[in-house]
**Q** 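Here you go, one structure.
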Amino acid sequence: MLDMKYIRENLDETERRLRTRGGESYLDGFRELDEKRRTLLKEGEALKALRNSVSDEIGRTKDKSQVQDKIIEMREVSHKIKGMDEELNQVDEQLHSFLLTVPNLPHAATPVGTSENDNVLVRSWGEPSTLPFAAKPHWDLGEELGILDFERGAKIAGARFTLYRGAGARLERALINLMLDLHTDKHGYQEVLPPFMVNRDSMTGTGQLPKFEEDLFKMVDPDFFLIPTAEVPVTNIHRGEILKKSDLPISYCAYTPCFRREAGSYGKDTRGLIRQHQFNKVELVKFVHPTESDAALEELTGHAEKVLQLLEIPYRVMALCSGDIGFSAAKTYDIEVWLPGQSCYREISSCSTFDDFQARRASIRFREDEKSKPEFVHTLNGSGLAVGRTLVAILENYQQADGSVRVPAVLQSYMGGLELIKR
RNA sequence: GGAGAGAUGGCCGAGUAGGUCGAAGGCGCUCGCCUGCUAAGCGAGUAUACUGGGAAACCGGUAUCGAGGGUUCGAAUCCCUCUCUCUCCGCCA
């Protein structure tokens with residue numbers, strides 16, 4: 001959520017920056033609502049001040065017969081206040097729900113552009129391999145090796161669900177452990193294991209609601225949602241809290257499954273593990289001092305990259321342009337991994353800084369020092385990494401001419417010493 | 001699923017025959033004093049949001065005692081609904 005006062009005082013500038021996201025107009029009607037609200041507030045509060053002081057006087061007067069006329073007068077005033085409060089509540093509600101649908105301001109360093117074609121290559125690591133034989137996509141490799149069973153996944157649940165078997169299931173688990181161990185032991189994150197379902201407040205706090213409800217799996221009763229990413233439960237750990245400055249930065253990593261409707265992506269990535277309704281992810285989340293968030297984004301992205309470096313899989317880092325960043329993000333780096341089976345780079349991690357956008361929605365604050373007013377922290381998060389897609393990258397990059405797949409050296413100890421996955 | 005208890009400021013905790021309660025007291029914390037150091041002691045201060053005024057320091061108003069609604073001139077206190085926590089019973093991985 002953006003700061004109402006900031007919008008009020010910088011309306012044109014805010015609108016201009018928001019439009020670099022590609023929409024038409026974002027702040028239509030704000031001025032009117034805001035002014036209406038403040039007028040109602042002012043008049044209502046004046047009446048309340050009157051009622052408070054007169055009621056106080058009535059309370060002090062022992063002989064109530066002397067103040068009968070005031071009681072009657074205040075009865076009228078209270079009636080009027082009630083009406084104004086109702087109107088004010090409506091305006092407040094409108095203004096609030098309006099603000100919840102306004103996306104974050106793009107960071108000054110976010111390249112301006114309209115689509116993914118305008119994303120900027122920041123760096124690349126490793127050589128995109130050209131295998132000396134016809135590289136297979138992971139869905140062929142996985143089925144032939146008997147480690148990915150798409151048909152039965154579909155039978156059990158439906159399209160976009162997969163049954164992992166044997167070395168495939170083990171490989172997924174090995175990757176989760178490798179990532180968690182790396183981030184906790186080497187990068188200083190505290191491991192957390194959060195609930196996989198959250199309430200509406202949490203979904204609103206990180207920005208999934210109210211705009212993107214159709215992307216979520218929803219429980220009917222009670223009103224819970226399956227998390228689409230660990231970002232939601234982990235960022236909401238500190239919702240409504242005032243943190244100590246000395247607590248910052250706070251760094252959490254979490255393994256969770258993620259659940260996404262993938263509404264609107266019918267026909268896209270229908271084969272294989274790339275786009276599933278349920279997938280595993282290790283997520284990195286940081287709460288930092290506002291002056292530290294830019295540096296923290298670089299650092300966090302580096303932590304995610306480290307996983308691919310250890311696995312020795314080529315990748316590149318893209319700075320997303322203003323037209324391609326997410327609703328809540330101010331700046332985002334996507335890490336894209338090379339997939340020889342499909343001869344393309346695919347997103348495997350998305351690392352973003354949200355500045356104070358999520359912190360304001362979720363009210364996550366800190367004090368600069370004991371006496372100063374609470375300020376909003378900055379939040380960041382990134383995948384470190386999407387586990388299913390990492391498994392895809394291993395299958396495709398480590399495949400052999402005979403259809404077997406070598407196990408990356410760093411994973412062998414997690415795989416009981418297994419060096420080769422073969423039929 | 002059944003029965004009961006509870007939800008007050010950073011924490012603990014008073015306050016329920018409605019008014020002087022944004023809320024006693026204690027702890028913690030901050031600043032000052034005192035003390036050879038520490039401890040103890042003394043004094044002052046110490047919630048948040050919105051809003052008006054002001055360059056600012058700051059001053060004023062309103063709201064908030066789990067959430068929402070009701071009664072009343074006036075509600076932390078009375079009534080209703082909901083949420084959450086705890087205890088016991090049942091069931092269960």
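Numbered from 1 within each chain, the chains take letters A, B, ... in sequence-line order.
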**Q** State, with a plain yes or no, whether a side-chain heavy atom of A:V405 is found less than 4.5 Å away from one of A:L420.
**A** no
**Q** From NE2 of A:H79 over to C1' of B:G74, roughly how many Å is that when rounded to an integer?
**A** 18 Å
**Q** Identify which nucleotide among B:G74, B:U71, B:G52 has an atom closest to any side-chain atom of A:R38, counting heavy atoms from C-beta outward.
**A** B:G52
**Q** Provide the Watson-Crick or G-U wobble partner of B:A40, both distances under 3.5 Å; none if there is no partner.
**A** none
**Q** Do A:K331 and A:T110 have side-chain N/O donor and acceptor atoms under 3.5 Å apart?
**A** no
**Q** Among the nucleotides B:A49, B:U51, B:C73, which one has an atom lying closest to any side-chain atom of A:M74?
**A** B:C73
**Q** Hydrogens and angles aside, do A:Q358 and A:E231 bring a side-chain donor and acceptor to less than 3.5 Å of each other?
**A** yes
**Q** Look through every strand shown and name the nucleotide pairing with B:U20 as Watson-Crick or G-U wobble, where both distances are under 3.5 Å.
**A** none
**Q** Once you apply the 3.5 Å cut-off to both distances, tell me the Watson-Crick or G-U wobble partner of B:C34, or none.
**A** none
**Q** Measuring from the side chain of A:R75 (C-beta onward, heavy atoms only), which nucleotide among B:G69, B:C73, B:U51 has the closest atom?
**A** B:C73
**Q** To the side chain of A:K82, which of B:U71, B:A63, B:A47 is closest?
**A** B:U71
**Q** Can you tell me how far C1' in B:U16 sits from the matching atom in B:U77, rounded to whole Å?
**A** 5 Å
**Q** With P as the reference atom in both, quote the distance from B:A14 to B:G25 in angstrom, rounded to an integer.
**A** 15 Å
**Q** Checking all strands, does A:N52 fall into the base, sugar-phosphate, or nothing category for heavy-atom contacts under 4.0 angstrom?
**A** sugar-phosphate
**Q** Say you pick atom P in B:U85 and the same atom in B:G26; how far apart are they, in whole Å?
**A** 33 Å
**Q** Measure from CD on A:Q68 to C1' on B:G74 and round the result to the nearest Å.
**A** 14 Å
**Q** Of the nucleotides B:C73, B:U51, B:A49, which has the atom closest to the A:R51 side chain?
**A** B:C73
**Q** With a 3.5 angstrom cut-off on both distances, give the Watson-Crick or G-U wobble partner of B:U83, or none if there isn't one.
**A** B:A7
**Q** B:C50, B:U48, B:G52: which one has an atom nearest the side-chain heavy atoms of A:E45?
**A** B:C50
**Q** For B:U48, which nucleotide in any strand shown is its Watson-Crick or wobble partner with both distances under 3.5 Å?
**A** B:A63
**Q** Mark yes or no for whether A:S322, through its side chain, and A:G113, through its backbone, hold a donor-acceptor pair below 3.5 Å.
**A** yes
**Q** To the side chain of A:I242, which of B:U48, B:A63, B:C73 is closest?
**A** B:U48
**Q** Starting from C1' on B:U72, measure out to CD on A:E73 and report it in whole angstrom.
**A** 17 Å
**Q** Could you tell me how far apart A:E57 (CD) and B:U20 (C1') are, to the nearest whole angstrom?
**A** 14 Å
**Q** Is the closest basic N to carboxylate O distance between A:E76 and A:K80 below 4.0 Å?
**A** no
**Q** Report the nucleotide, chosen from B:A49, B:U51, B:U62, that has the shortest atom-to-atom distance to any side-chain atom of A:K5.
**A** B:U51
**Q** Would A:K155 pass as a cation-pi partner of A:F150, given that its NZ or CZ must be under 6.0 Å from the six-membered ring centre and within 45 degrees of the axis?
**A** no
**Q** Using atom P of each nucleotide, how far apart are B:C80 and B:G6 to the nearest Å?
**A** 15 Å
**Q** Across all strands shown, which nucleotide pairs with B:A93 by Watson-Crick or G-U wobble geometry, both distances under 3.5 Å?
**A** none
**Q** Would you mind reading off the distance between A:R8 atom CZ and B:C50 atom P, rounded to a whole angstrom?
**A** 10 Å
**Q** So if I take every side-chain heavy atom of A:M4 and compare against B:U71, B:U51, B:G19, which nucleotide ends up nearest?
**A** B:U51
**Q** Taking any heavy-atom pair under 4.0 Å as a contact, classify A:K48: base, sugar-phosphate, or nothing.
**A** sugar-phosphate
**Q** Working to the nearest 0.5 angstrom, can you tell me the gap between A:M318 CE and A:S350 OG?
**A** 12.5 Å
**Q** Heavy atoms under 4.0 Å, any strand shown: does A:L41 hit a base, just sugar-phosphate, or nothing?
**A** sugar-phosphate
**Q** Which nucleotide in the set B:G61, B:U20, B:G19 lies at the smallest distance from any side-chain heavy atom of A:R60?
**A** B:U20
**Q** To the nearest Å, how far apart are A:E241 CD and B:A49 P?
**A** 16 Å
**Q** Between A:E375 (CD) and B:A49 (C1'), how many Å, whole number?
**A** 16 Å
**Q** If B:A14 has a Watson-Crick or G-U wobble mate with both distances under 3.5 Å, name it; if not, just say none.
**A** none
**Q** In whole angstrom, what separates A:L40's CG from B:A63's P?
**A** 16 Å
**Q** Give me the distance, rounded to whole Å, that separates B:U72 from B:A76 when you measure between the C1' atoms they each carry.
**A** 16 Å
**Q** Quote, to the nearest angstrom, the C1' distance that separates B:G43 from B:C37.
**A** 23 Å
**Q** Can you tell me how far NE2 of A:H277 sits from OG1 of A:T162, rounded to the nearest 0.5 angstrom?
**A** 10.5 Å
**Q** Does any nucleotide pair with B:G54 by Watson-Crick or G-U wobble geometry, both distances under 3.5 Å, and what is it?
**A** none
